Protein chains: 2
Amino acid sequence: MVAIAWGMAVAPSRGPRRELSHEKIVEAGIEIADRDGLAAVTMQRVAESLGFTTMALYRYVSTKHELLDLMRDAAIAVPPRKKLPQPWREALRAWCQVMRECYRAHPWVLAIPRRQEVLLMPNAVALVDLGLQAMAELALDEEQKMAAVLTLSTYVGAMVGLERELAVEPDAEYTAEAFAALGEVITPERFPALRSMLLAGEYIGGPPSPEQGLDTELEFGLERILDGLERLDRELRGSS
Amino acid sequence: MVAIAWGMAVAPSRGPRRELSHEKIVEAGIEIADRDGLAAVTMQRVAESLGFTTMALYRYVSTKHELLDLMRDAAIAVPPRKKLPQPWREALRAWCQVMRECYRAHPWVLAIPRRQEVLLMPNAVALVDLGLQAMAELALDEEQKMAAVLTLSTYVGAMVGLERELAVEPDAEYTAEAFAALGEVITPERFPALRSMLLAGEYIGGPPSPEQGLDTELEFGLERILDGLERLDRELRGSS
DNA sequence: ACACTCAGCGTATGACCTACACAGATGAGG
DNA sequence: CCTCATCTGTGTAGGTCATACGCTGAGTGT
């Protein structure tokens, strides 16, 4: 499966000529997911959008989940030879921006459960590499850099994921009246810290978020993490 | 649905006595999810584990997803009157620890797609409140505190979620040999930063992770975020 | 030329969620 | 105390999915 993603799958030479290809199938799947969401990606629908029967797909893909994995990796492709700005802080911001754009363009990616192999697929690897490049000038050791890459990518993915999940439909129960009604159960003694904020409408996904997603919040967390990395970098330099 | 979670659902007084209850159903669902994973939670199986027919559940829950939402909120209950240590940094660490334990005890929680309403359910609210309590002494304003709560909870959830996803089964393709084979496609010019680390086995989920999950990495990111908050706090105090 | 291999198709099976109608229980109002 | 609207749990049935299996015919290495 990793082999397929790297384009190393060996096409058999014996039988009839293949009319489909991994690329076509993956592309069709992505198109459907982009338009109608991951739930609409059904073996049937992918096949018929290509003009084939459902079972034809199984000559190329051993399981639906394998198709999804391939779709993910294809969807998170980084623009090749992407140049990162300087200094490292700007580079990491740009890197996070790349991921954010990927996820915003293909939000369904974040709903696909991950297995270990996906970490070895080409675009996942490329993304990690780019993150490491961004941190080239930092004084962290390799293990720390890898942990930082993981932290940032996980964080960005999770925030965009949350944003999309919450945005699926403005919920009928998530209104000002509902907030007010909750004022009765959200008593000061049970929820000392939260009560005032909730009544003021200051709550997750409340204003100003509805329009702009969780952009402000994502930005906030991102800057904290970068600050944290900066401090670590300084400490490591200082002690050497 | 939010009403059900808050125990404010009005039981009708007209018909036959109810033999089931939301609590029993949710509990049965949790038990199955804990034992066999979220995929095993099927209306049929929940019902039969209680000795009823599938359709009986729909008198209490309008949709399977509603049951899952209720299960989540029930599963993330914080020990009541949980005391947080001092100072704020220790408090936030403890808060994250609480979440981590929740997610480790009920990993399936992280696989349930979230809708806006879930943010209004009692234990979700309690968790936010606890996070805010932990930050009481910080100089951040309310919006910043809320963003910090969101950042930390999202981050911890995502890391534990990733950990569980990757741990489902040690993948057959994720071995030392596979790494070596990838050495051929992971060329220095395409992946300048990564190559040496990959060959040294220093990669996400590689050693020392297999045994201990992503604990080290989670800890790393957490400390960076806390450092970032500390810096922001200092800046806000300094400029006042 | 032959035999083996493989592509795409049709059919079938077994989960699963959930809509709908039914029979009996139960309590509110006269 | 009677009556009837209301609600409970049940049985059935329909629709959607993933995918196993066997078939036909195409193309290739020997």
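Sequence lines set the chain letters: A, B, ... in the order given, protein chains first and strands last, and positions in each chain run from 1. Treat the numbers as computed from the prediction; the structure is a model and nothing was measured.
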Query raised in the report: Closest nucleotide of DNA chain C for B:Tyr58 versus for A:Ala56: which of these residues is on the 5' side?
Result: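 The answer here is A:Ala56.
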
For [X] and [N], what is the distance between atoms [atom1] and [atom2] respectively, to the nearest whole Å?
{"X": "B:Leu50", "N": "D:dG9", "atom1": "CG", "atom2": "P", "value": "11 Å"}
{"X": "B:Leu67", "N": "C:dC16", "atom1": "CG", "atom2": "C1'", "value": "14 Å"}
{"X": "A:His65", "N": "D:dA18", "atom1": "NE2", "atom2": "C1'", "value": "13 Å"}
{"X": "B:Ile25", "N": "D:dT8", "atom1": "CD1", "atom2": "P", "value": "11 Å"}
{"X": "B:Leu57", "N": "D:dT8", "atom1": "CG", "atom2": "C1'", "value": "13 Å"}
{"X": "A:Gln44", "N": "C:dT13", "atom1": "CD", "atom2": "C1'", "value": "15 Å"}
{"X": "B:Met55", "N": "C:dT18", "atom1": "CE", "atom2": "C1'", "value": "5 Å"}
{"X": "B:Leu20", "N": "D:dC7", "atom1": "CG", "atom2": "P", "value": "17 Å"}

Report task. Establish, with yes or no, whether the OP1 or OP2 oxygen of D:dC17 is under 4.0 angstrom from a side-chain nitrogen or oxygen of A:Thr54. Result ->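 It does not, given that no N or O in the side chain of A:Thr54 lies less than 4.0 Å from OP1 or OP2 of D:dC17.
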
**Report entry** Residue-phosphate contact under 4.0 Å: B:Thr63 side-chain N/O, C:dT18 OP1/OP2
**Finding:**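 So the side chain of B:Thr63 is within the cut-off, an N or O lying under 4.0 Å from OP1 or OP2 of C:dT18.
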
Please determine, for the side chain of [X], which listed nucleotide ([options]) has the closest atom?
{"X": "B:Phe52", "options": "C:dC9, D:dA18, D:dT10", "answer": "D:dT10"}
{"X": "B:Tyr60", "options": "C:dC17, D:dT19, D:dG9", "answer": "D:dG9"}
{"X": "A:Arg59", "options": "C:dC17, D:dG22, D:dT19", "answer": "D:dG22"}
{"X": "B:Thr53", "options": "C:dA19, D:dG9, D:dA18", "answer": "D:dG9"}

4.5 Å side-chain heavy-atom contact, [X] and [Y]:
{"X": "A:Trp6", "Y": "B:Ile186", "result": "yes"}
{"X": "A:Glu165", "Y": "B:Arg115", "result": "no"}
{"X": "A:Asp129", "Y": "B:Pro192", "result": "yes"}
{"X": "B:Leu57", "Y": "B:Phe52", "result": "no"}

**Report entry** Residues A:Arg100 and A:Glu219 bridged, charged N to O under 4.0 Å
**Finding:**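 A salt bridge is present here (some side-chain N lies under 4.0 Å from a carboxylate O).
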
Query raised in the report: Under a 4.0 Å heavy-atom cut-off, which of residues 9-19 of chain B touch DNA chain C?
Result: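 The stretch gives B:Ser13, B:Arg14, B:Gly15, B:Pro16, B:Arg17 as the residues lying under 4.0 Å from the strand, ordered by number.
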
Query raised in the report: Does the side chain of B:Gln97 pick up a donor-acceptor pair with the side chain of B:Glu101 at under 3.5 Å?
Result: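 Yes - a donor-acceptor pair under 3.5 Å links their side chains.
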
Query raised in the report: Regarding A:Thr154 and B:Tyr155, is there a side-chain donor-to-acceptor distance under 3.5 Å anywhere?
Result: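 The criterion, which ignores hydrogens and geometry beyond distance, is not satisfied for B:Tyr155 and A:Thr154.
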
Query raised in the report: Closer to the 5' end of DNA chain D via nearest nucleotide, is it A:Met43 or B:Gly51?
Result: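 In this pair, the answer is B:Gly51.
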
